[in-house]
Number of protein chains: 2
Amino acid sequence: MSDTRYICPHSSRPTWRRDRRKNDALADLFSRRPLHYRAREHLFLEGDSCEGVFLILSGTVIVYTMTLNGQRQIQNFAGAGELLALNFSGNHTTSAQALTDVTVGILPRLAFNQALQTSDRFRPTIFERIDEMLDAARRQAMLLGCKGALEKTATFLLDLENGGEGSQGQFIPIPMSRCDIADFLGLTLETVSRMLGRLKRQDIIDLPRADCFRIKDPKRLAQIAGLETDFGHMCGNPDRF
Amino acid sequence: MSDTRYICPHSSRPTWRRDRRKNDALADLFSRRPLHYRAREHLFLEGDSCEGVFLILSGTVIVYTMTLNGQRQIQNFAGAGELLALNFSGNHTTSAQALTDVTVGILPRLAFNQALQTSDRFRPTIFERIDEMLDAARRQAMLLGCKGALEKTATFLLDLENGGEGSQGQFIPIPMSRCDIADFLGLTLETVSRMLGRLKRQDIIDLPRADCFRIKDPKRLAQIAGLETDFGHMCGNPDRF
DNA sequence: CGGTCACTTGACGTGACTCAAGAGTAGTGG
DNA sequence: CCACTACTCTTGAGTCACGTCAAGTGACCG
């Protein structure tokens with residue numbers, strides 16, 4: 001698709017998620033009454049009335065929606081420092097499920113709106129987050145609409161690495177199942193497994209166990225993910241090796 | 001993907017775009033200095049510095065991003081009453097191109113921020129729009145990640161119909177090319193054409209010319225789009241007829 | 001009337017899904 | 001410590017939906 005008359009982006013614009021550990025003006029407001037959820041518990045369901053805005057203090061939350069025929073699209077794996085249910089209408093438009101054990105702070109809708117109105121420190125922070133969410137949604141659309149299975153998987157691994165500390169060459173945990181990854185990337189769990197296997201066999205990643213990995217060749221991984229121009233012409237090549 | 005332990009949505013939640021013709025508190029603020037663009041002109045490019053927020057007064061704008069290997073993902077076809085460049089950081093994260101001739105109002109960043117701060121009528125309107133944009137992005141992710149080609153095409157037609165007036169059974173123009181539709185749905189233009197042909201042959205839509213259509217069987221179209229539970233079990237059936 | 005352009009249609013190839021079997025890994029109980 | 005179970009993950013073989021390539025059709029325009 002697309003033809004030559006469309007104009008290319010000025011930069012590759014990696015737009016990684018901001019550092020989630022600096023919780024800025026938020027933590028103090030939200031930490032009034034922290035709540036705990038066990039892994040697999042639901043924080044809320046699509047359609048539920050929305051009591052307030054959530055700030056994740058620890059753990060990871062799966063934000064997803066379901067189709068009528070029972071397919072799940074994971075919108076986001078939200079980690080510490082991220083906001084949930086930042087909608088201003090009455091009801092939740094997604095479901096949220098704890099992937100790991102999770103702690104959240106809740107800011108009731110009224111207090112949230114009030115803070116938006118009064119606090120000149122709070123408002124820009126919220127808008128910054130909204131920006132990030134919109135941008136993340138756009139990148140997700142690009143991923144789902146434009147990329148192939150290997151590209152998607154590579155992108156996912158790079159995002160995972162970037163979500164963790166700046167741990168160069170260290171092992172990074174994969175907290176979610178293959179099924180979760182598949183529902184996030186719009187693939188099947190078998191395909192995800194195959195693509196991981198391919199990256200492993202090509203010596204681009206280390207995958208000693210199913211639930212953690214290490215990037216051995218960041219450059220090639222980025223190329224495969226479509227984040228750098230590809231000089232080696234080895235992007236979509238088959239497995240044979 | 002997905003298995004039985006995930007919980008289904010409470011409602012089908014069609015969440016159609018709001019009526020764009022009621023421009024609420026926005027029109028007066030934005031209409032100070034209206035600008036005109038010819039079809040195919042660019043309003044701005046990804047990476048450009050962002051002078052202000054755009055309100056579309058008339059026409060349709062293609063909001064898109066490009067991958068490094070030259071693929072285009074159309075994020076949105078934005079019509080009259082919709083906001084563009086509602087980002088709070090310095091640079092545009094998408095490109096915007098006029099599909100038809102377009103008139104827009106621009107509100108400079110400073111004035112926008114000020115209005116947000118001071119006007120209690122303006123702020124909720126903006127948040128409402130942000131909600132809509134986030135929700136649209138989520139639905140787009142579902143479309144791209146979960147749906148097949150026929151499902152996507154049907155969904156697109158229903159969205160188009162809903163974007164126009166509440167014209168029951170009337171012909172609806174298709175202002176964009178097959179290529180645009182394809183880049184929006186994550187398909188090829190050939191596949192889009194084939195799916196439209198299939199819907200036409202099955203007597204679900206009328207397609208007398210390439211650039212307008214009419215829905216003949218809304219119920220079946222909605223079923224195919226995955227918006228209603230399917231009793232006929234004819235959703236994914238092949239073309240043969 | 002001939003040229004250009006977008007759309008349509010067909011034949012073919014292939015990437016990802018489906019179905020099904022096997023391999024780890026963790027947890028439980030004797 | 002070693003079965004035995006119950007997972008999830010991996011791997012393979014076959015199928016199908018969608019993409020690719022290419023030819024054909026129709027509308028618009030000079």
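As the structure is a computational prediction, the values presented were derived from the model and not from experiment. Residue numbers begin at 1 in each chain, while the letters A, B, ... track the order of the sequences.
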Report the distance from atom [atom1] of [X] to atom [atom2] of [N], rounded to the nearest whole Å.
| X | N | atom1 | atom2 | value |
| --- | --- | --- | --- | --- |
| B:R198 | C:dG10 | CZ | C1' | 14 Å |
| A:I174 | D:dT8 | CD1 | C1' | 13 Å |
| A:E151 | D:dG19 | CD | P | 14 Å |
| A:K147 | C:dA16 | NZ | P | 14 Å |
| A:L189 | C:dA23 | CG | P | 18 Å |
| B:R201 | C:dC7 | CZ | C1' | 14 Å |
| B:D211 | C:dT8 | CG | P | 10 Å |
| A:Q71 | C:dC17 | CD | P | 11 Å |

C:dC17 OP1/OP2 closer than 4.0 Å to side-chain N/O of A:T191:
yes
Measure the angle between the two terminal helix axes of the helix from C:dC1-D:dG30 to C:dG30-D:dC1, five base pairs each, and quote it to 10°.
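It comes to 30° between the two terminal axes.
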By salt bridge (charged side-chain N to carboxylate O under 4.0 Å, His left out) - contacts of B:K219 (at least two apart)
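Once residues adjacent in sequence are excluded, the partners of B:K219 under the salt bridge (charged side-chain N to carboxylate O under 4.0 Å, His left out) criterion are B:E228.
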Contacts of A:K200 meeting salt bridge (charged side-chain N to carboxylate O under 4.0 Å, His left out) (sequence neighbours excluded), chain-then-number -> none
State which residues pass side-chain contact (heavy atoms from CB on, under 4.5 Å) with [X]; sequence neighbours excluded, sorted by chain then number.
| X | value |
| --- | --- |
| A:M142 | B:T65, B:T67, B:Q73, B:Q75 |
| A:A85 | A:F44, A:C50, A:F54, A:N87, A:H92 |
| A:P34 | A:L57, A:T103 |
| B:D101 | B:R38, B:A39 |

From C-beta outward on B:M195, which listed nucleotide comes closest to its side chain: D:dC18, C:dA16, C:dT18?
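Out of D:dC18, C:dA16, C:dT18, the nucleotide with an atom closest to B:M195's side chain is D:dC18.
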What's the closest nucleotide to the A:A210 side chain, out of C:dT18, D:dC9, C:dA6?
D:dC9
Polar-atom pairs under 3.5 Å, protein N or O versus N or O of nucleotides 21-27 of chain D: list them with distances, or write none.
from	atom 1	to	atom 2	distance (Å)
D:dC21	N4	B:E190	OE2	3.3

Contact between B:Q97 and B:R40 at the side-chain level, heavy atoms closer than 4.5 Å - yes or no?
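B:Q97 vs B:R40: side chains touch.
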May I ask you to test the B:K216-B:D206 pair for a side-chain heavy-atom distance under 4.5 Å?
yes
Apply ring pair (Phe, Tyr, Trp, His ring centres under 6.0 Å) to B:F156 and list each qualifying residue two or more places apart in sequence or on a separate chain.
B:F184
Nearest-nucleotide check on DNA chain C, B:S193 vs A:A149; residue mapping nearer the 5' end is B:S193
For DNA chain C, whose closest nucleotide is more 5', that of A:G148 or that of B:L207?
B:L207
